[in-house]
Amino acid sequence: MAHKKSLEALHKTLQDIRVITFLDAPGGTGKTFLTNLLLAEVRSKGDLALAMASSGIAATLLHGGRTAHATLKLPSDIAKQESPVCNISRRSSMAKVLRSCKLIVWDECTMAHKKSLEALHKTLQDIGGNRILMGGIILLLCGDFRQTLPVIPRATPADEVNACLKSSTLWFSVEVVSLKQNMRVSLGKSGYLGFCL
Ligand SMILES: Nc1ncnc2c1ncn2[C@@H]1O[C@H](COP(=O)(O)OP(=O)(O)OP(=O)(O)O)[C@@H](O)[C@H]1O
């Protein structure tokens with residue numbers, strides 16, 4: 001299997017609650033395929049796995065996926081707030097879901113504002129009543145920084161870089177796993193491979 005090594009590396013980092021795993025995957029390298037495999041693995045054991053994405057279209061590709069804004073109830077003016085949190089109270093049903101969740105997958109995370117990740121971190125700590133990274137819940141971020149960075153209206157490139165996840169203090173806790181083989185091209189016709197390269 002083409003993803004054997006990446007899957008092993010992912011399994012290893014996903015065991016460690018002291019790190020956030022980032023699946024670095026250029027287009028066509030099988031990120032959606034692998035993510036759905038992991039979601040199915042967790043759910044097949046009867047555990048809860050949440051799937052979300054920064055954009056609606058990416059969310060539709062994940063099994064049971066929803067947008068990050070809808071799932072986490074992120075404030076719409078998150079960039080303007082000093083220290084935002086998700087609009088999820090400790091006693092809400094969503095807090096219950098998050099408390100019993102084994103894995104959270106966030107696809108196209110590179111489009112998210114760094115404050116969204118920080119808001120999730122603070123909210124999970126609050127809900128879990130602890131000071132552990134992400135409240136002790138395993139988080140898998142997926143995306144490709146070579147594609148779209150956060151969209152900040154009327155911003156300079158510097159503002160965009162400053163808003164991106166890599167500028168967050170939480171990025172020091174991120175372990176990167178990379179996918180390199182383009183599965184879409186290698187599985188397709190050789191003519192298409194020539195066209196792409
Ligand atoms: N390990 C695999 N074995 C067989 N087919 C695979 C494997 N990984 C990916 N594929 C196939 O390769 C194609 C691209 O995979 P996928 O859509 O998961 O890539 P992606 O990284 O999410 O791409 P994009 O970022 O463009 O959405 C799909 O048709 C998928 O079924």
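Just follow the structure's listing: the first ligand is 1, and inside any ligand the first atom is 1. As the structure is a computational prediction, the values presented were derived from the model and not from experiment. Note: hydrogens, waters and symmetry copies are ignored here, and every other heavy atom, side chains too, is used.
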Quiz prompt | Presence of salt bridge, Asp24 and Arg146, under 4.0 angstrom | solution =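 Yes, this pair counts.
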Exercise. Before accepting this row, confirm whether a basic side-chain N of the pair Asp47/Lys45 lies closer than 4.0 Å to the acidic partner's carboxylate O.
Key: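 Salt bridge: no.
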Polar contact flag for [X] and ligand 1 (N/O pairs, less than 3.5 Å):
X	result
Gly30	yes
Gln147	no
Phe33	yes

Quiz item: Under the 3.5 angstrom rule, does the side chain of Thr67 hit a backbone N or O of Ser54 as a donor-acceptor pair?
Solution: no
Practice problem: Report yes or no: does Gly28 have a heavy atom closer than 4.0 Å to ligand 1? | Solution: yes
Quiz item: Going by the angle between their ring planes, with limits at 30° and 60°, are Trp171 and Phe145 parallel, tilted or perpendicular?
Solution: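 Perpendicular.
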